[in-house]
Amino acid sequence: MSKAEPLVLIVSGPSGSGKSTLVQKILELPGTMLSVSCTTRPPRKTESDGKWYNFVSEAEFQRMVEQGEFLEYAQVFGKNWYGTPRKSLDDALALKRDLVLEIDVQGALQTKQKLPGAVAVFVMPPSRADLEHRIRARGQDSEDEIRRRLERARQEMLNYSSYDFAIVNDDLERAGREVQAIALGSRCRVARMEDRIRDILNSFGG
Ligand code: 5GP
């Protein structure tokens with residue numbers, strides 16, 4: 001693992017699995033920060049620029065791709081483009097924070113390839129019926145869209161073996177504790193601790 005790399009925590013999961021709530025749980029831990037993605041998707045009514053996303057035009061997104069400004073990027077649901085700016089890594093490093101990426105499966109695979117030390121967490125609904133219930137409760141989608149979302153969820157979950165951890169989101173309190181435990185535990189991996197360990201050993205005379 002490169003020394004000049006913050007701890008990167010990737011969180012993925014099907015839409016409706018409650019992954020954003022679990023991302024918030026990680027962000028409650030001191031020393032963490034969210035990577036703000038760029039997207040060509042138009043903002044929803046509740047979203048302001050720069051909080052969860054930087055909303056950019058397709059031309060601007062393309063320029064960033066050509067300039068190599070993304071750590072990873074992908075077209076999600078065959079529609080809009082989403083990308084993690086490399087700058088997020090620099091910022092996390094400068095601020096000495098762990099960086100949380102809420103990104104889709106394609107982005108998670110790209111990130112793991114580029115940063116093998118990144119830790120990837122997959123958030124799963126407990127069952128198809130449960131996910132369907134949650135999607136319906138939001139009341140945003142047509143029958144067709146609900147069917148598409150459920151099929152997409154199945155496709156995404158087939159990639160589970162590329163992830164390091166899986167969390168079943170059937171009990172928010174327990175799932176929240178689990179995701180925080182993963183974040184805290186990842187900080188203690190020996191590969192991340194080497195400088196500290198060497199300092200301690202030096203205090204003993206090496
Ligand atoms: P939404 O449009 O509902 O906010 O997000 C749609 C999907 O895009 C979600 O699965 C979300 O995790 C994913 N996503 C958000 N930002 C990024 C990103 O920077 N890169 C990738 N690959 N996926 C992202």
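The structure displayed is predicted, hence computed values, not measured ones. Whatever order the structure lists ligands and atoms in, that order sets their numbers, starting from 1.
- Residue-environment remark: CZ (R128) stays at or below the threshold of 12 foreign heavy atoms within 6.0 Å.
- When each atom of ligand 1 is checked for a heavy atom of G107 under 4.0 Å away, the hits are 22 (N).
- In this structure, atom 9 (C) of ligand 1 lies nearest to the protein heavy atom K19 NZ, 3.9 Å.
- A salt bridge is defined here as a Lys NZ or Arg NE, NH1 or NH2 lying under 4.0 Å from an Asp or Glu carboxylate O, and E47 with R44 meets this definition.
- In terms of polar-atom proximity, defined here as any N/O pair under 3.5 Å, Y53 does make such a contact with ligand 1.
- Close contacts between ligand 1 and R41 involve ligand atoms 1 (P), 2 (O), 4 (O) [criterion: under 4.0 Å to a heavy atom].
- Of the protein's non-hydrogen atoms, the one nearest atom 20 (N) of ligand 1 is E72 OE2, 2.7 Å.
- The distance criterion of under 3.5 Å between nitrogen or oxygen atoms is met by G83 with respect to ligand 1.
- In V76, the part holding a heavy atom less than 4.0 Å from any atom of ligand 1 is the side chain.
- E194 has a carboxylate O that lies under 4.0 Å from a charged side-chain N of R198, or vice versa, which qualifies the two as a salt bridge.
- Comment: E145 engages R149 in a salt bridge, judged by a side-chain N to carboxylate O separation of less than 4.0 angstrom.
- Contact annotation for Q110 and ligand 1: no heavy atom of the residue comes within less than 4.0 Å of the ligand.
- T111 and E72 share no donor-acceptor pair across their side chains, judged by distance under 3.5 Å alone.
- Among E47, R44, E102, the residue whose heavy atom lies closest to atom 11 (C) of ligand 1 is E102.
- Figure legend: R152 and F77 shown as a cation-pi pair, the cationic atom lying under 6.0 angstrom from the six-membered ring centre and within 45 degrees of its axis.
- Taking every heavy atom of A74 and a limit of under 4.0 angstrom, the matching atoms of ligand 1 come to 22 (N).
- Protein heavy atom nearest atom 16 (N) of ligand 1, with residue, atom name and distance: S37 OG, 3.2 Å.
- Contacts between Q106 and ligand 1 below 4.0 angstrom, taking non-hydrogen atoms only, are absent altogether.
- Residue R152 does not touch ligand 1, judged by heavy-atom distances below 4.0 Å.
- Atom OH of Y73 is surrounded by 12 or fewer heavy atoms from other residues, nucleotides or ligands within 6.0 Å.
- Salt bridge annotation for D91-R97: absent, with no cationic side-chain nitrogen under 4.0 angstrom from a carboxylate oxygen.
- Considering backbone and side-chain atoms alike, D104 places an N or O below 3.5 Å from some N or O of ligand 1.
- Around NZ of K25, the count of heavy atoms belonging to other residues, nucleotides or ligands within 6.0 Å does not exceed 12.
- Any N or O atom pair closer than 3.5 Å counts here, and Y73 shares no such pair with ligand 1.
- In this structure, K51 places its NZ atom where only 12 or fewer heavy-atom neighbours from other residues, nucleotides or ligands lie under 6.0 Å away.
- The single protein non-hydrogen atom nearest to atom 6 (C) of ligand 1 is Y82 OH, 3.6 Å, given as residue, atom name and distance.
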